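In what follows, a single structure is set out as structure tokens and then discussed.
Heavy atoms only: backbone and side chains are in, while hydrogens, waters and symmetry mates are out. Predicted model, so just to flag it, every value in this text is computed and none were measured.
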Amino acid sequence: MTSLDYPLDILWELLKLDAPSGDEGPTADWLEDQLARELPDVRLERLGDSLIARRGERPTVAVFAHLDTTGWTLDHAKSLLRIGGPDGRPGDPIRPAGMPDAGNTLARRKDGSWKVKGKTTAAPGSRWVYAAVPLQEGGEIIAPYLDNRAGVWAALHVLRCCPSVAVAFTSYEETRGVGALLCARHLSKTLGITQALIADLTWHTKHVRCGRGVAVSLRDSCLPRQAYLDRILALAEESSLPVQREIA
């Protein structure tokens, strides 16, 4: 196994874990156990359902990867309230988080709201997620929640390869971003870290294409510091790995 290899079975394990925003605890527990077994020199610290892992005495760079996913909360009369911004379509298979698929699907009411189609005994307040089974076709992995299971997988690889780095596995990104804010403040206060990268997924578009290399996001609703962007782009281009520039 070379330094660039990391087993995909870790990604498949991550894809089995349900973590709609507000329910990231079991995934954080799984990561703690995985890291304790694979990398015993990693120091672990929980902040609620967020997890900070670091190697080295004084890392100067942090990587952020969010644990939570989109989903729905079951309201009364089989109504569904969105958690984050799930891009659902009528007929998509769904199930209660942590439960097997029982044949329920998404359906639209006349007023445009979502509901569960099918028989269910789940209680109001239960969390629901996509039920589609992940699969691999050639060199592509097709699955709900690659956002951000693939980002978490990449961040785990960073921990494995880098002798001095901090990684924040954060909660609540799909709703309010509170977990990332708490972790950033903690890393700044305790380690003096002032520079970070975010491992996340982006869209396959006309200008940024799946399979053509990592996308460096130059801006979205926020404007990163240009001097920092220039440093990251220069390092990325020096790496000889394919790099794409994204403007979202």
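Within 6.0 Å of the NZ atom in Lys117, the count of heavy atoms belonging to other residues, nucleotides or ligands does not exceed 12. More than 12 heavy atoms of other residues, nucleotides or ligands sit less than 6.0 Å from atom CG of Leu235. Atom CZ of Arg185 sits in a sparse spot, with 12 or fewer heavy atoms from other residues, nucleotides or ligands closer than 6.0 Å.
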Which is it for Val158 and Arg160 under the side chain to side chain contact (heavy atoms under 4.5 Å, CB included) test, yes or no, and what are the steps along the way? CA-CA 5 Å; Val158 169; Arg160 185 171 170 272; over 6 Å; no
Can Leu11 and Arg149 be said to form a side chain to side chain contact (heavy atoms under 4.5 Å, CB included), step by step? CA-CA 7 Å; Leu11 177 58; Arg149 290 299 183 248; 4.1 Å; yes
Can Leu31 and Leu156 be said to form a side chain to side chain contact (heavy atoms under 4.5 Å, CB included), step by step? CA-CA 9 Å; Leu31 282 171; Leu156 285 171; 3.8 Å; yes
Show, in sequence, the C-alpha distance, side-chain angles and deciding distance for Val152 and Leu67, and conclude whether the side chain to side chain contact (heavy atoms under 4.5 Å, CB included) test is met. CA-CA 7 Å; Val152 172; Leu67 298 178; 4.0 Å; yes
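By the 4.0 Å N-to-carboxylate-O rule, Asp18 lies close enough to Arg95 to be salt-bridged with it. Arg46 and Asp49 are joined by a salt bridge, as a carboxylate oxygen and a charged side-chain nitrogen come within less than 4.0 angstrom of each other. Ion pairing of Glu237 with Arg245 is present here, as a side-chain N (NZ or NE/NH1/NH2) and a carboxylate O approach within less than 4.0 Å.
Put simply, the side chain of Thr60 does not reach to within 4.5 Å of the side chain of Ile193, judged on heavy atoms. Looking at Leu47 and Ile52, their side chains come closer than 4.5 Å, going by heavy atoms from C-beta outward. Residues Val42 and Leu44 form a side-chain contact, since some pair of their non-hydrogen atoms from C-beta on lies under 4.5 Å apart. Side-chain contact between Leu146 and Ile141 is present, with at least one heavy-atom pair separated by less than 4.5 Å. By the 4.5 Å heavy-atom criterion applied to side chains, Pro20 and Val129 are counted as neighbours.
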Donor-acceptor list for residues 168-184 side chains, cut-off 3.5 Å, not counting sequence neighbours:
{"from": "Ser171", "atom 1": "OG", "to": "Ser50", "atom 2": "OG", "distance (Å)": "3.0"}
{"from": "Glu173", "atom 1": "OE1", "to": "His66", "atom 2": "NE2", "distance (Å)": "3.4"}
{"from": "Thr175", "atom 1": "OG1", "to": "Tyr172", "atom 2": "O", "distance (Å)": "3.3"}

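Side-chain contact of His186 with Glu45: a donor-acceptor pair under 3.5 Å is present, judged by distance alone.
Every side chain to side chain donor-acceptor pair (under 3.5 Å) that Lys16 has, sequence neighbours left out, goes to Glu13.
Within the model, atoms CZ of Phe64 and CG of Asp200 stand 12.5 Å from one another, a figure rounded to the nearest 0.5 Å. In this structure, Gln244 CD and Thr205 OG1 are separated by 8.0 Å, a value rounded to the nearest 0.5 Å.
Trp114 carries Arg108 over the face of its six-membered ring, with the cationic atom under 6.0 Å from the centre and within 45° of the normal.
The backbone N or O of Ser113 lies less than 3.5 Å from no partner atom in the side chain of Arg109, so there is not a single donor-acceptor pair. Without hydrogens or angle criteria, Tyr130 side chain to Pro86 main chain gives no donor-acceptor distance under 3.5 Å.
With Trp128 as reference, Leu74 is the one residue of Ile83, Thr73, Leu74, Leu81 to meet the side-chain contact (heavy atoms from CB on, under 4.5 Å) rule.
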